[in-house]
Amino acid sequence: AGLAEARQAAESGDLVGARKHLEACLEQVEAVASASAFKAQLCQDLREAQTNMVDTRTYASRGSKLMWAKGKAHAEQRSACLSDSEGEDDEGTATKTFSYANVQQKVMRSKAKRECR
């Protein structure tokens, strides 16, 4: 969401606002205690996006393409790396949810798990 919102601001000509939005996103990501490859890559992508928003010319020539590509890559990575999160409902029955999954992805994942048994 952070890259998409910053891209929208930049596309409307507000590069300062877009950089500020990316900086706020970067601070939130860096505040997460876990150290993971995904977190490191996301921080690097946010910094690179900021660098390519220094002026309108840079954004038009490189930054806009970078923002589109990074946003798409992160969306695909999230959907490819769905994580199971187990819990219990009010009746004590085990439940599973899939982070970032839409209905079709959940159905496909359930079908694949049944077929692999």
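Predicted model only: the values in this text are computed from it and were never measured. Only this structure's heavy atoms are used, side chains among them; waters, hydrogens and symmetry mates stay out. The chain is numbered in sequence order, starting from 1.
Summarising the local packing, NZ of Lys20 is surrounded by 12 or fewer heavy atoms from other residues, nucleotides or ligands at distances under 6.0 Å. Enclosure of atom CD in Glu11 by more than 12 non-hydrogen atoms of other residues, nucleotides or ligands within 6.0 angstrom is indicated.
Taken from CD in Glu48 to CE in Met53, the straight-line distance is 11.5 Å, to the nearest 0.5 Å. A distance of 11.0 Å separates CD in Gln8 from CG in Asp14, rounded to the nearest 0.5 Å. Atom CG in Leu15 sits 5.0 Å away from atom OG1 in Thr56 (nearest 0.5 Å).
Residues Val54 and Thr51 come closest through the heavy atom pair CG1-O, 3.3 Å. In terms of heavy-atom proximity, Ser64 sits nearest to Arg7 at O-NE, 4.3 Å. The two residues Ala49 and Leu66 make their nearest non-hydrogen contact at CA-CD2, 3.6 Å.
A side-chain contact (heavy atoms from CB on, under 4.5 Å) with Arg47 holds for exactly one of Leu42, Leu26, Asn52; it is Leu26.
Formation of a donor-acceptor pair under 3.5 Å by the Lys65 side chain with backbone atoms of Ala60 is found in this model.
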Task: From CA spacing to verdict: side chain to side chain donor-acceptor pair (under 3.5 Å), Asp45, Gln41 - done: CA-CA 6 Å; Asp45 289 347; Gln41 184 63 52; 2.8 Å; yes
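Contact check for Arg19 versus Val16: side-chain heavy atoms found under the 4.5 Å cut-off.
Follow the hydrophobic side-chain contacts under 4.5 Å out from Met67 and you reach Val29 in the same cluster.
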